[in-house]
Structures are given as structure tokens and as C-alpha cells.
Peer 1: 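Here's a structure for you.
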Amino acid sequence: MFEKNQKKVLNAWTMYDWANSVHNLVITTVVFPMYFLATTSEKDANGNVINDIVDFFGIQIQNSVLYSYTISAATLLLVILNPILTPLADSSGRRKFFMKIFCYLGAASCAYFYFFTRGNVNPAVIAFGLSIVGWGGSIVFYNSFLPVIATEDRFDNLSAKGFTMGYIGSVILLIVNLLMIMQPTLFGLTQADSDSGFTARISFLTVGLWWALFAQIPFYYLPKDEPKSFKTGRLTTGIQELVKVLKEVRKNKNITKFLMAFLFYDMGVMTVIYVATIFADKELHIEKQGLIITLLLIQLIAIPGSYLASWLSSKFGNTKGLLVFIFIWSFMPLAAYFTTTQNEFYVIAAIVGLVMGGIQSLSRSTFAKLIPDETTDTASYFGFYDIVEKVAITLGTLIFGFVGQLTGNMRNSVLTILIFFIIGFILLMRVPSKKVYH
């Protein structure tokens with residue numbers, strides 16, 4: 001029996017947030033979206049975009065819509081894979097093995113962006129999708145270690161610490177990358193290297209290396225796999241494991257109610273995270289330097305937000321804490337719809353930063369508390385949590401992209417996010433607010 005609450009193990013577990021969060025910030029939020037739009041657009045002599053249509057394997061599609069749809073497709077693939085792989089990991093005793101596979105897939109995909117130029121957009125888009133698959137696939141197995149290494153009284157604080165480590169680590173690497181892009185001479189490069197996008201492509205390579213190297217810390221300290229041989233019937237056993245856990249989930253009304261609420265409010269949260277940069281660029285025309293500073297500020301503000309969520313949970317219970325954050329979140333898309341100036345966007349971004357870390361860390365720890373104490377199928381349980389999150393990302397970004405394509409106005413897409421939060425808030429009110437659920 002693995003001894004819980006070992007300090008070195010708990011600290012090592014949070015280091016995977018440190019390792020993988022650079023993908024969220026550098027790849028999906030800051031540098032890659034800007035590079036993607038710049039690489040897939042044609043501009044006139046004044047710097048105005050005159051063509052943003054991409055030929056994706058013969059399909060003519062707007063670059064921002066392609067970006068949104070790629071996220072949707074990647075998360076949909078995870079929705080298909082995770083119900084198969086998580087019970088297989090439980091039944092074969094290879095939870096860490098699967099975590100490594102997805103980690104290295106994501107890191108290698110990020111490193112491949114080094115070769116992303118105007119001449120090979122299609123392979124880069126596929127690599128972007130695979131980086132999301134690698135990130136999302138590794139996270140589900142990473143999260144499943146939470147109830148294995150810690151007791152329930154540690155969940156909220158440990159989850160908050162993990163997200164905090166992720167925010168700090170990703171900000172450090174992003175600052176280094178931005179200095180290289182904006183001040184290339186500090187790194188022995190030239191301004192021409194920056195103007196051509198070479199420094200941006202180096203930053204993608206550093207993400208892959210950072211992710212893979214720092215992941216070695218949790219890989220070393222987390223509980224070792226207890227592998228059972230892969231037999232022909234192992235997949236069948238995995239499916240039986242999935243069916244068993246599914247029955248347990250259906251019997252636990254609090255879990256099903258929470259997952260339904262989580263589906264809708266997470267559709268809002270994740271869509272905002274994935275499309276905020278593109279919205280600011282295309283709708284508000286915010287200068288890149290101002291946008292970058294704002295995104296860095298969001299990451300830093302998210303740190304106290306994570307611990308604020310932990311404090312609210314300790315005082316009032318997880319559900320009430322989440323309701324407070326969702327209530328605040330619901331004002332953000334409405335405010336964004338009417339936003340026309342940079343200063344207004346900065347205010348919204350600051351509030352988003354405060355509630356972003358809190359709602360993510362508290363959602364993870366809340367679900368961990370709902371898992372039965374006696375279960376050993378933690379990967380399967382978090383598989384369901386991850387499926388709901390990936391469905392949320394798929395539907396959220398798909399609806400966002402579809403409304404934008406249908407109306408030709410991204411602001412109309414923003415209003416759909418408000419609906420997600422309202423539904424999520426109403427559904428979450430049905431879940432009892434307790435500090436301990438068992």
C-alpha cells in the first residue's frame with residue numbers, strides 16, 4: 001500500500017503542472033496563435049490583412065475558424081480515446097506508462113512547430129492538434145494520481161498548488177521566449193531572425209524540451225506502475241472496468257449532477273481560454289505588446305485566485321465556492337461583447353485571471369472528493385472527468401467557430417459563452433455544498 005501525503009511526492013506531483021502548463025500559455029494562448037495568424041495571412045504594405053483564407057487539404061477556410069476547429073477535432077479524439085485507455089491503464093497497472101506516452105507526444109508535437117512556415121501549414125495544423133491530444137491525454141492520468149498520493153483534506157490546497165506551479169513555470173518560460181522574440185540580440189540573434197519568425201519557432205522548440213525534461217521529476221517520484229502483462233483479454237478487461245465504473249458513477253447522484261454542471265460552465269471557461277487571444281487580435285486590434293503584458297498579468301493574478309478558491313471551499317464548501325466563481329465568470333462574455341477599447345479589455349482580463357485559476361483548481365479537487373475512498377480505479381474516474389472537459393472544449397470551440405462563421409462576427413460568438421455559464425450555474429446549484437462528500 002502506497003503511503004499518502006509524502007511531501008516529496010506531493011511536490012513532485014505539482015511539477016507536472018509546471019512542466020505541461022507551458023503548452024497552455026505559449027502554444028494555445030500567446031505565441032503560437034499570433035504566429036499562426038501571421039503565417040496564414042497576407043497583408044498589404046500598411047500591415048492590413050487582405051487575405052486570411054487557408055487552403056487546408058483543398059478546403060478553403062478562414063484561419064481563425066481553422067484554429068478553432070482544430071481544437072475541437074483534437075479534443076473530440078480525446079473523447080474517443082480516453083474511455084478506452086483509462087480503464088486499460090487501471091486494469092493493466094500502467095497509469096504512469098500512459099501518462100508518459102501522451103506527455104512525449106505533446107512535447108514532440110510542440111518541438112515540430114520549429115519547422116512551421118508558410119510552406120507547410122497543413123502538417124503544422126495536424127501537429128497543433130496532436131499537441132492538444134498529448135496535453136489532454138497526459139493530464140487525465142496526472143489528475144488520477146491526486147487521490148492516490150494525498151488524503152482528502154489535502155485535495156483543495158494541493159490542487160491549487162499544482163495550478164500555481166503551472167502558472168509560475170509557464171510565465172518564466174514565456175518571458176524568456178518573449179525576450180528572445182522582442183530582443184533577439186540578447187541571445188546572439190538578429191532582428192531579422194525575429195522578423196522572419198525564426199525566434200518564435202525556437203520558442204516552440206523550448207516548450208517541447210521544457211515539458212519533456214521537467215516531467216522527469218514526477219515520473220521519478222510518483223507511485224510506480226505495477227504492470228500486468230498485456231494479454232489479448234486485457235482490452236476486454238479494460239472495457240469491463242469502464243462499465244463497472246460507469247455504473248458506480250450513475251449510482252452516485254452527486255457525481256452525475258456535478259459532471260453535468262461542469263460540462264456547461266467549463267464550455268465557457270475553456271472557450272474563453274482558447275479564443276481570447278484571437279478575439280483581442282481580430283476584433284479589438286490590440287497591439288501584440290499590450291496583449292502579451294495582459295496575458296502575463298492574467299497568469300500571475302490566477303495564483304492568488306487558486307488559493308482564494310481553496311479558502312472559499314474550506315469556509316463554505318466546494319460547491320458554494322464554485323458558484324461564486326461562475327457568477328463572476330458570467331459577466332465576462334457580456335462585458336467582452338460591448339468592449340471596444342484596450343483599457344476595457346485589460347480590466348476584463350484582470351478579472352478573468354482572478355477567477356481562472358480558482359475555478360480550475362477547485363473543479364479538480366471537488367471531483368476528487370466525490371470519488372469513493374475505496375476505489376482503485378482513479379484513472380477511470382478521472383477519465384470521465386476528462387471526457388466531460390474535452391466534450392466541453394469540443395462543443396464550446398465548435399459552437400464559437402460555427403456562430404462566427406455563420407454570422408461573420410466573432411462578437412456574436414461571445415454571447416454563446418454567457419449561456420454556457422448560466423446553465424452551468426443553475427445545474428451546480430443542485431449539488432450539495434459540503435467540505436467533505438463521503
Peer 1: Walk me through it: do Phe32 and Val207 pass the test side-chain contact (heavy atoms from CB on, under 4.5 Å)?
Peer 2: CA-CA 11 Å; Phe32 185 80; Val207 170; over 6 Å; no
Peer 1: What is the minimum heavy-atom distance between Tyr112 and Ala127, and which atoms define it?
Peer 2: CD2-CB, 3.6 Å
Peer 1: Find the distance between CG (Asn157) and OG (Ser306) and round it off to the nearest 0.5 Å.
Peer 2: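 The CG atom of Asn157 sits 10.5 Å away from the OG atom of Ser306.
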Peer 1: Side-chain contact test, heavy atoms from C-beta onward, threshold under 4.5 Å: evaluate it for Ser194 versus Leu189 and give yes or no.
Peer 2: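 Ser194 does not reach Leu189 side chain to side chain.
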Peer 1: Given 3.5 Å as the limit, does a donor-acceptor pair link the side chain of Asn412 with the main chain of Val403, or not?
Peer 2: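 Not a single qualifying donor-acceptor pair exists.
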Peer 1: In this structure, is the centre-to-centre distance between the rings of Phe36 and Phe128 below 6.0 Å?
Peer 2: no
Peer 1: With heavy-atom distances below 4.5 Å as the criterion, would you say the side chains of Ile71 and Tyr67 are in contact?
Peer 2: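 Ile71 vs Tyr67: side chains touch.
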Peer 1: Which pairs count as salt bridge (charged side-chain N to carboxylate O under 4.0 Å, His left out) when at least one residue sits in residues 114-123, sequence neighbours excluded?
Peer 2: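 Listed by first then second residue: nothing to list.
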Peer 1: Taking atom OG1 of Thr416 and atom CD1 of Ile399, what is their separation to the nearest 0.5 Å?
Peer 2: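 Nearest 0.5 Å value for the OG1-CD1 distance: 6.5 Å.
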Peer 1: I'd like to know if the side chain of Thr256 and the backbone of Lys253 have a donor-acceptor N/O pair within less than 3.5 Å.
Peer 2: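 Between the backbone of Lys253 and the side chain of Thr256 there is a qualifying donor-acceptor contact (under 3.5 Å).
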Peer 1: Rounded to the nearest 0.5 Å, what separation is found between the OH atom of Tyr265 and the CG atom of Leu427?
Peer 2: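 Between atom OH of Tyr265 and atom CG of Leu427 there are 11.0 Å.
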Peer 1: Measure from the side-chain N and O atoms of Thr339 to the backbone N and O of Ala335, and report whether any donor-acceptor pair falls under 3.5 Å.
Peer 2: yes
Peer 1: Quick check: do Phe57 and Val125 have side-chain heavy atoms less than 4.5 Å from each other?
Peer 2: no
Peer 1: After noting the C-alpha distance and the side-chain angles of Gln62 and Val54, does the key distance pass the side-chain contact (heavy atoms from CB on, under 4.5 Å) rule?
Peer 2: CA-CA 6 Å; Gln62 189 178 24; Val54 178; over 6 Å; no
Peer 1: Under the ring pair (Phe, Tyr, Trp, His ring centres under 6.0 Å) criterion, do Phe382 and Phe367 qualify, and how do the steps go?
Peer 2: CA-CA 8 Å; Phe382 266 100; Phe367 185 76; 5.3 Å; yes
Peer 1: Atom CD1 of Ile139 and atom CG of Leu78: how far apart are they, to the nearest 0.5 Å?
Peer 2: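 Between atom CD1 of Ile139 and atom CG of Leu78 there are 11.0 Å.
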Peer 1: Tell me, do Phe115 and Phe204 make a side-chain contact under 4.5 Å, heavy atoms counted?
Peer 2: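 They are not in contact (no side-chain heavy atoms under 4.5 Å apart), so the answer is no.
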Peer 1: Have Ser170 and Asn24 got a donor and an acceptor in their side chains that come within less than 3.5 Å?
Peer 2: no
Peer 1: Report the distance from atom CG of Leu395 to atom CE of Met270, rounding to the nearest 0.5 Å.
Peer 2: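 Answer rounded to 0.5 Å: 13.5 Å.
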Peer 1: What I'd like to find out is whether the side chain of Arg95 reaches to under 4.5 Å of the side chain of Val148, using heavy atoms alone.
Peer 2: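 With C-beta onward as the side chain, the pair touches.
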Peer 1: Verify the neighbour count for atom OH of Tyr221: are there more than 12 heavy atoms of other residues, nucleotides or ligands below 6.0 Å?
Peer 2: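 Not buried by this count: 12 neighbours or fewer within 6.0 Å.
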Peer 1: Is there side-chain contact between Thr185 and Thr190, with heavy atoms separated by less than 4.5 Å?
Peer 2: no
Peer 1: If you apply the rule side chain to side chain donor-acceptor pair (under 3.5 Å), what do you find for Asp193 with Thr199, and how did you get there?
Peer 2: CA-CA 6 Å; Asp193 290 326; Thr199 52; over 6 Å; no
Peer 1: Do we see a donor-acceptor contact under 3.5 Å between the side chains of Thr397 and Ser68?
Peer 2: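 No, Ser68 and Thr397 have no side-chain donor paired with an acceptor closer than 3.5 Å.
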Peer 1: Considering all heavy atoms of both residues, which atom of Asn51 and which atom of Ile53 are nearest to each other, and what is their separation?
Peer 2: OD1-N, 3.1 Å
Peer 1: Could you go through Asn318 and Thr366, starting from their C-alpha distance and side-chain angles, then the distance that decides it, and tell me whether this counts as side chain to side chain donor-acceptor pair (under 3.5 Å)?
Peer 2: CA-CA 6 Å; Asn318 287 51; Thr366 297; 2.7 Å; yes
Peer 1: Which value, rounded to the nearest 0.5 Å, describes the distance between Thr75 atom OG1 and Asp386 atom CG?
Peer 2: 10.0 Å
Peer 1: Where do Trp211 and Cys103 come nearest, in terms of heavy atoms and distance?
Peer 2: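 Looks like NE1-SG, 3.7 Å.
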Peer 1: Do Asn343 and Thr341 have side-chain N/O donor and acceptor atoms under 3.5 Å apart?
Peer 2: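 Per modelled atom types, Asn343 and Thr341 side chains form no pair under 3.5 Å.
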Peer 1: How close do Asp156 and Lys369 get, heavy atom to heavy atom, and via which atoms?
Peer 2: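 Heavy atoms only, the tightest pair is OD2-NZ, 2.9 Å.
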Peer 1: Closest approach of Ser363 and Leu322, non-hydrogen atoms and distance?
Peer 2: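 Closest approach of Ser363 to Leu322, heavy atoms only: OG-CD2, 3.6 Å.
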Peer 1: Under the side-chain contact (heavy atoms from CB on, under 4.5 Å) rule, what do Lys315 and Lys320 come out as? Steps first, then yes or no, please.
Peer 2: CA-CA 9 Å; Lys315 292 295 182 181; Lys320 288 183 178 178; over 6 Å; no
Peer 1: For Phe187, does the CZ atom have more than 12 heavy-atom neighbours from other residues, nucleotides or ligands under 6.0 Å away?
Peer 2: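 Yes, CZ of Phe187 has more than 12 neighbouring heavy atoms, counting only those of other groups under 6.0 Å.
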Peer 1: Can you confirm if the aromatic rings of Tyr142 and Trp13 lie within a centre distance of less than 6.0 Å?
Peer 2: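 Judged by ring-centre distance (under 6.0 Å), Trp13 and Tyr142 do meet the cut-off.
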Peer 1: Determine whether Ile422 and Ile426 satisfy the following criterion, side-chain contact (heavy atoms from CB on, under 4.5 Å), listing intermediate values before the conclusion.
Peer 2: CA-CA 6 Å; Ile422 292 174; Ile426 294 171; 4.1 Å; yes
Peer 1: Which pair of non-hydrogen atoms, one from Ser330 and one from Leu418, has the smallest distance, and what is that distance?
Peer 2: O-CD1, 3.0 Å
Peer 1: Between Tyr35 and Arg201, is there a cation-pi geometry (under 6.0 Å to ring centre, at most 45° from the normal)?
Peer 2: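 Relative to the ring axis of Tyr35, which defines the angle, Arg201 lies outside at least one limit.
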Peer 1: Which pairs, with at least one residue in residues 120-138 and sequence neighbours excluded, count as a side chain to side chain donor-acceptor pair (under 3.5 Å)?
Peer 2: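 Listed by first then second residue: Tyr16-Ser138, Asn20-Trp135, His23-Ser131, Thr117-Asn120.
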Peer 1: Have Asn82 and Lys390 got a donor and an acceptor in their side chains that come within less than 3.5 Å?
Peer 2: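 There is no such pair (donor and acceptor under 3.5 Å, judged by atom type) between the side chains of Asn82 and Lys390.
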Peer 1: Answer yes or no: is there a side-chain heavy-atom contact under 4.5 Å between Leu174 and Val31?
Peer 2: yes
Peer 1: Counting only heavy atoms not in Tyr346 (residues, nucleotides, ligands), do more than 12 fall under 6.0 Å from its OH?
Peer 2: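 It does: Tyr346 OH has more than 12 such atoms within range.
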Peer 1: In this structure, is the centre-to-centre distance between the rings of Phe214 and Trp210 below 6.0 Å?
Peer 2: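 Yes, the ring centres sit under 6.0 Å apart.
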Peer 1: Ignoring hydrogens and geometry, is there a side-chain-to-backbone donor-acceptor pair from Ser413 to Phe400 under 3.5 Å?
Peer 2: yes
Peer 1: Kindly indicate whether a cation-pi arrangement holds for Lys100 with Phe219, taking the cut-offs as under 6.0 Å to the six-membered ring centre and within 45° of the axis.
Peer 2: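 The answer is yes; both the distance and angle limits are met.
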Peer 1: Determine whether Asn63 and Ser41 satisfy the following criterion, side chain to side chain donor-acceptor pair (under 3.5 Å), listing intermediate values before the conclusion.
Peer 2: CA-CA 8 Å; Asn63 55 10; Ser41 299; 2.9 Å; yes
Peer 1: Using a 4.5 Å cut-off on heavy atoms from C-beta on, say whether the side chain of Thr14 contacts that of Phe163.
Peer 2: no
Peer 1: Can any side-chain N or O of Ser310 pair as donor or acceptor with the backbone N or O of Tyr307 at less than 3.5 Å?
Peer 2: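 Side chain of Ser310 to backbone of Tyr307: no pair is present.
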